[in-house]
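Any value given below was found using the heavy atoms of this structure, including those in side chains, with hydrogens, waters and symmetry copies removed.
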Amino acid sequence: MALFLALNLLFFSMAPSTGGSGKCPIDALKLGVCADVLANLLNLKLGSPPVQPCCSLINGLVDVEAAVCLCTAIKANILGINLNVPVSLSLLLNACNHKLPSGFQCP
């Protein structure tokens, strides 16, 4: 019985969480590549902005982690422009096929 419990504890401690940690696992400075994407989205230029460099950084993150990462970059002004945080965050997440979690507020 003790062996069974020990194996269960080991298994569940190694299993990945699907809820996200609410922390950004990415160096926020790398998110500077999202500036061009956001500038194109805000200026409403025709055509599709090149989202790959930005989206590839947050690809694989759950929505809340992606939101926290982009919030960090926007609030730290890493992107180099003064922004409306909720609008900018929503635009970037949508461009990268992520959704803004319901009730989410930037920390």
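- In this structure the side chain of C24 never reaches within 4.5 angstrom of the side chain of C71, judged on heavy atoms.
- The distance from atom CZ of F104 to atom CG of L89, rounded to the nearest 0.5 Å, is 6.0 Å.
- Of all non-hydrogen atoms in C34 and L92, the two that sit nearest each other are O-CD2, 4.0 Å.
- Take C96 and apply the side-chain contact (heavy atoms from CB on, under 4.5 Å) test, not counting sequence neighbours, and it matches C54, C55, I58, H98.
- Of the inter-residue distances, the one linking K99 atom NZ with S90 atom OG reads 12.0 Å to the nearest 0.5 angstrom.
- Note that CG of L91 is 11.0 Å distant from CG of L70, once rounded to the nearest 0.5 Å.
- Minimum interatomic distance between P53 and V33 (heavy atoms only, all atoms of both residues): O-CG2, 3.6 Å.
- Under the 3.5 Å distance criterion, the side-chain polar atoms of S56 are matched with a main-chain donor or acceptor of Q52.
- Across every non-hydrogen atom of L61 and E65, the tightest pair is CD2-OE1, 3.7 Å.
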Chi angles and distances behind the side chain to side chain contact (heavy atoms under 4.5 Å, CB included) call for L31, T72: CA-CA 9 Å; L31 293 169; T72 302; 5.8 Å; no
